[in-house]
Amino acid sequence: MSSREEIRKPSRAFPFWLSLGTVPLILLGATVGGWTVILPPLYAWTAVSVLDAILGRNEDNPDVETPESDLMWYRLITMIWLPVQFLTIFGMIWWVTHTDHLTTLETIVLFFGVGVMSGTVGIVYSHELFHQKNKLEIWLGDLLLSTVFYGHFHTEHLLVHHWYVGTPRDAATARYNEGFHRFFWRVLRDCPRSAWRAEKLMLARAGRNMWHPSNPFWRYGALQIATIALAIYLGGWIGLALFVFQGFIAIWQLELTNYVEHYGLTRLHKGAGKYEHVLPRHSWNASHMASNWLLINLQRHSDHHYKPDRRFPLLQTYSDDEAPQLPFGYPIMTALAMVPPLWRRRMNPRVRAWRKKYYPEITDWSAYNTGENPMPAGSI
């Protein structure tokens, strides 16, 4: 059977529905309380990592010419996720503010798990959706981002990250030897204003100012105000605090992932603000099976940057000769990133080997390490 015939089978798509397992675990924690409130993060991190160890890697590459009509069961999970996440978040806000059987600590841990769901799954699905060209999927992506206070990520990711990854213009490219905690606050500070500048530049090229209705920040802001109002309506100020908390956890999950994806990988500066084109070697690749199910192949990140418009079921994986490889899937790698000495011990030798392999002519990496190379021409 050809890879195209194989991929259209619903049974091949169903493992990517693994994400739905987080929802009944959140409902269980909300109704039973106690130790059950820790089950959602244990499922998303620990259980998936154990499955990675058991199942190993999937290095099969699907036929990239597979028509979109054969991908229905893959696309469907991303398109139904908005109502699933929306009802889970706001249902939990109503539930915990109208019942009294959960302790304060249980409520906090429960909403930590909600944030793990909305970050590990929701933002990843949003990312897949806003990369598409049809308006329905783009709107679904923006609505998902409004549930985690990160609407600007749509602009920052498409207009900055994909254009300028591996250069000083991209805040989401983690620098060599930069710990996650420093990276995290730098991204929170720089990315919203970076996205605003990118939209301003795009509008200026079209002869429009920032007040023009086509500026997507008006959409991001309106959606955010609506979700904040709903949280207050359902749960008062406590409901708003819980909504903000789960959003922060989701953002933390996203930026941990961003940190891992490009740590220490930079594009060659060719002089006068010109950089080499993005290649598979500028992203860390991971072909671990179960975590790619949960994250809809996000770990095939080398191909995502090489072909950003390729839908997730068709993303390719690469060999060691073509792209740098992570030793584990994202759940374990992001846990390592929370402990910078362990992260550096594991990853810095890999970055140095990558540099020696692809750029042996560079002897002084200091400007790359500190982000002091010139900004790409035309980027600001």
Side-chain angles (χ1 to χ4, degrees), residues 22-23 25-27 29-30 33 37-38 40-41 44 81-100 102-127 141-157 171-172 180-181 183-196 216-259 334 338:
T22 58
V23 178
L25 295 178
I26 289 170
L27 296 177
V37 296
I38 69 171
W81 192 257
L82 173 65
V84 170
Q85 179 164 307
F86 191 89
L87 290 172
T88 302
I89 292 174
F90 292 105
M92 289 301 99
I93 288 173
W94 183 89
W95 176 259
V96 301
T97 55
H98 289 78
T99 59
D100 58 6
L102 294 179
T103 67
T104 299
L105 179 59
E106 287 170 343
T107 300
I108 292 171
V109 176
L110 176 68
F111 271 81
F112 180 92
V114 173
V116 169
M117 177 201 71
S118 56
T120 301
V121 181
I123 298 183
V124 172
Y125 285 15
S126 170
H127 164 261
D142 284 347
L143 284 163
L144 280 169
L145 290 177
S146 74
T147 66
V148 294
F149 298 86
Y150 229 48
H152 73 274
F153 176 62
H154 180 166
T155 289
E156 177 70 6
H157 187 79
F180 168 73
H181 308 286
F183 166 85
F184 184 45
W185 296 113
R186 178 170 66 81
V187 167
L188 292 184
R189 180 194 68 209
D190 292 349
C191 282
R193 60 189 182 187
S194 168
W196 180 264
F217 272 84
W218 307 129
R219 180 171 74 252
Y220 306 155
L223 293 175
Q224 196 63 74
I225 290 169
T227 54
I228 289 171
L230 181 59
I232 295 172
Y233 174 76
L234 292 173
W237 296 112
I238 292 176
L240 177 60
L242 292 172
F243 184 45
V244 171
F245 174 65
Q246 68 82 32
F248 177 80
I249 298 302
I251 293 166
W252 167 65
Q253 289 281 278
L254 167 69
E255 298 306 347
L256 270 169
T257 300
N258 275 337
Y259 177 80
T334 53
M338 288 298 296

List the atom pairs, with distances to 0.1 Å, where a side-chain N or O of residues 240-252 and a protein N or O form a donor-acceptor pair under 3.5 Å, not counting sequence neighbours.
from   : atom 1 : to     : atom 2 : distance (Å)
Gln246 : OE1    : Ser118 : OG     : 2.8
Gln246 : NE2    : Thr147 : O      : 2.7
Gln246 : NE2    : Phe243 : O      : 3.1

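In this view, Gln253 and Trp45, Thr120 satisfy the side-chain hydrogen bond (donor to acceptor under 3.5 Å, both in side chains) rule, not counting sequence neighbours. Considering only residues two or more places apart in sequence or on other chains, Arg189 meets the salt bridge (Lys or Arg N to Asp or Glu O under 4.0 Å) condition with none of them. The side-chain contact (heavy atoms from CB on, under 4.5 Å) test applied to Leu102 returns Val96, Glu106, Thr107, Leu110, not counting sequence neighbours. Applying the side-chain hydrogen bond (donor to acceptor under 3.5 Å, both in side chains) criterion to Thr155, with sequence neighbours excluded, gives Glu199, Tyr220. Remark: Tyr150 pairs with His152 by the ring-ring contact (aromatic ring centres under 6.0 Å, His included) rule, at least two apart or across chains. By the side-chain contact (heavy atoms from CB on, under 4.5 Å) test, Leu223 pairs with Trp139, Asp142, Leu143, Ser146, Arg219, sequence neighbours left out. For Phe111, there are no ring-ring contact (aromatic ring centres under 6.0 Å, His included) partners two or more places apart in sequence or in a different chain. Taking the side-chain contact (heavy atoms from CB on, under 4.5 Å) definition, one finds that Leu87 meets it with nothing, sequence neighbours left out. Trp218 meets the ring-ring contact (aromatic ring centres under 6.0 Å, His included) test with Trp211; sequence neighbours excluded. Remark: Val84 pairs with Leu20, Val23, Trp81, Thr88 by the side-chain contact (heavy atoms from CB on, under 4.5 Å) rule, at least two apart or across chains. Qualifying side-chain hydrogen bond (donor to acceptor under 3.5 Å, both in side chains) partners for Thr227, counting only residues two or more places apart in sequence or in other chains: Gln224.
Contact between Ile26 and Pro40 at its shortest, heavy atoms only, is CG1-CG, 3.6 Å. Here the shortest heavy-atom pairing between Ala171 and Phe183 reads O-CE1, 3.5 Å. Residue Ser194 comes nearest to Glu156 through the heavy atom pair OG-OE1, 2.9 Å, listed as atom of the first residue, atom of the second, then distance.
To the nearest 0.5 Å, the span separating NE2 on His181 from CZ on Phe184 amounts to 10.5 Å. Atom CZ of Phe86 sits about 10.5 Å away from atom CG of Leu144, to the nearest 0.5 Å. Of the inter-residue distances, the one linking Ile38 atom CD1 with Leu25 atom CG reads 11.0 Å to the nearest 0.5 angstrom. With rounding to the nearest 0.5 Å, the separation of OG1 in Thr334 from CG in Asn258 is 12.0 Å.
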Could you walk me through whether Thr97 and Leu234 satisfy the side-chain contact (heavy atoms from CB on, under 4.5 Å) test, starting with their C-alpha distance in whole Å, then the side-chain angles of each, then the deciding distance to 0.1 Å, before giving a yes or no? CA-CA 8 Å; Thr97 55; Leu234 292 173; 5.9 Å; no

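Here the side chains of Thr22 and Val116 are not in contact, with every heavy-atom distance at 4.5 Å or above. Side-chain atoms of Trp185 and Leu188, non-hydrogen and from C-beta on, do get closer than 4.5 Å to each other.
The backbone N or O of Phe153 lies less than 3.5 Å from no partner atom in the side chain of His157, so there is not a single donor-acceptor pair.
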